[in-house]
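Indexing begins at 1, ligand by ligand and atom by atom, following the structure's order. By convention here, the first residue in the shown sequence is residue 1.
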Amino acid sequence: MRSLQGRLDLCSINTATLGHREPLDVTIDRIARAGFGGIAPWRHEVEQADVKQIARQIRAHGLTVTGYCRSTYIPATTRAGFDANIAANRAALRDAAILDARAFVMVVGALPDDSRDLRGAREQIAEGIGLLHETARDCGVPLALEPLHPMYAAERSAINTIAQALAICTDIDPHADGFLGIAVDAYHCWWDPALLESIGAAGRDKRIRAFHVCDWLRDTRDMLLDRGMMGDGVIELAALRAAVERAGYDGLIEVEIFSKDNWWRRDPADVLDICAQRLPSVC
Ligand code: ZN
């Protein structure tokens with residue numbers, strides 16, 4: 001496993017970690033100044049700015065865009081709604097290409113409004129990924145399917161384990177052309193009894209396109225916005241990174257912390273300082 005001592009260039013900050021409290025151009029400068037090698041911006045930040053200007057600024061700092069967050073949910077109640085969701089994702093993929101993102105992060109969605117048809121939602125998701133895989137190839141930006149913790153299966157993602165994501169990848173892209181893979185997020189997958197086996201399987205087809213770290217707090221108070229700083233929770237992060245790197249992942253380690261009552265209330269410079277300390281010591 002790579003050492004992260006003195007290697008912040010191997011580490012990336014997802015802008016959500018700083019709570020989206022400052023304009024994106026300020027955040028980009030801040031992350032670069034702190035010495036990190038990468039950044040993962042969000043669409044709502046980029047789409048309200050000038051994507052080409054943002055891309056220039058990121059490039060001028062030499063930052064790698066470790067992921068572009070994130071897809072519009074795929075399932076919809078009507079076919080027109082589904083088509084609109086695909087179109088929105090295609091537009092975002094074109095922006096991801098301008099940003100030279102290493103991956104377009106896919107949080108695929110789950111049950112449409114008033115639906116209990118989880119199987120139908122998963123069928124829409126598989127169809128949508130198939131369509132977007134073609135766009136990804138055209139744009140030169142891989143899709144990274146991010147399995148979400150099963151507590152989100154109703155609203156955010158009906159893909160909930162790495163094994164499930166890999167099965168979709170194999171089905172749509174049996175020859176592993178490099179444009180359909182997964183994002184491994186410690187917060188979502190740490191609990192999975194098949195975790196190491198699934199990461200090994202992901203490595204065989206070189207599917208791991210992103211690696212996100214934070215921690216799972218034993219007394220989690222909010223299922224979305226109470227992620228912990230690395231080292232403050234129960235995840236064996238170093239063992240997880242070792243497995244991911246054994247599986248061939250050689251990209252950056254991205255910190256992604258949603259924390260409305262703690263880290264989003266702290267000074268952004270302090271948050272980055274603590275990330276910089278914890279990455280080599282805990283991850
Ligand atoms: Zn993530």
Side-chain angles (χ1 to χ4, degrees), residues 11-20 31 36 38-46 64-74 89 92 96 99 101-110 125 129 141-153 155-162 164-166 168-169 180-192 195 198-199 202 207-217 220 222-230 232-233 235 237 240-241 243-244 247 249 251-260 263-264 271 275 278-279 282-283:
C11 302
S12 172
I13 298 292
N14 184 301
T15 58
T17 303
L18 301 180
H20 296 135
I31 289 170
F36 292 93
I39 186 169
W42 282 68
R43 277 169 69 194
H44 62 82
E45 304 173 289
V46 170
T64 298
V65 175
T66 48
Y68 187 39
C69 299
R70 60 169 170 68
S71 56
T72 298
Y73 298 155
I74 293 170
N89 282 316
L99 293 167
R102 292 292 178 268
F104 180 55
V105 177
M106 295 278 298
V107 174
V108 294
I125 287 164
I129 292 168
V141 178
L143 304 180
L145 308 182
E146 181 159 342
L148 259 51
H149 190 288
M151 67 183 170
Y152 300 115
E155 285 193 301
R156 292 175 181 273
S157 177
I159 297 179
N160 306 103
T161 64
I162 294 174
Q164 190 190 355
L166 288 178
I168 294 170
C169 290
L180 184 56
I182 66 168
V184 174
D185 185 320
Y187 189 77
H188 294 301
C189 68
W190 69 277
W191 58 273
D192 184 348
L195 179 60
S198 293
I199 288 173
R207 296 279 188 196
I208 303 176
R209 295 281 149 196
F211 178 47
H212 302 166
V213 296
C214 67
D215 216 334
W216 181 282
L217 301 174
T220 294
D222 183 299
M223 63 193 248
L224 187 63
L225 301 177
D226 191 23
R227 293 186 180 204
M229 175 63 67
M230 298 78 74
D232 289 350
I235 306 178
L237 287 164
L240 180 57
R241 181 163 72 88
V244 164
Y249 180 71
L252 277 67
I253 294 96
E254 177 184 319
V255 178
E256 183 183 37
I257 301 175
F258 302 80
S259 170
K260 76 172 160 40
W263 298 101
W264 289 358
V271 176
C275 289
R278 298 288 179 89
L279 280 156
V282 176
C283 303

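Inter-residue side-chain proximity for L279 and V213 is flagged as met; some heavy-atom pair is nearer than 4.5 Å. Counting heavy atoms from C-beta outward, I74 and M106 have side chains that approach closer than 4.5 Å. Considering only heavy atoms from C-beta on, P41 comes within 4.5 Å of Y68 through its side chain.
Distances from the Zn ion (ligand 1) under 2.8 Å pick out these protein N/O/S atoms: E146 OE2, D185 OD2, H212 ND1, E256 OE1.
Heavy atoms only, all atoms of each residue included: R209 and A144 are closest at CB-CB, 3.9 Å. In this structure, I257 and R227 approach most closely via the heavy-atom pair CG2-O, 3.6 Å.
Under the 3.5 Å distance criterion, the side-chain polar atoms of W216 are left unmatched by any main-chain donor or acceptor of H188.
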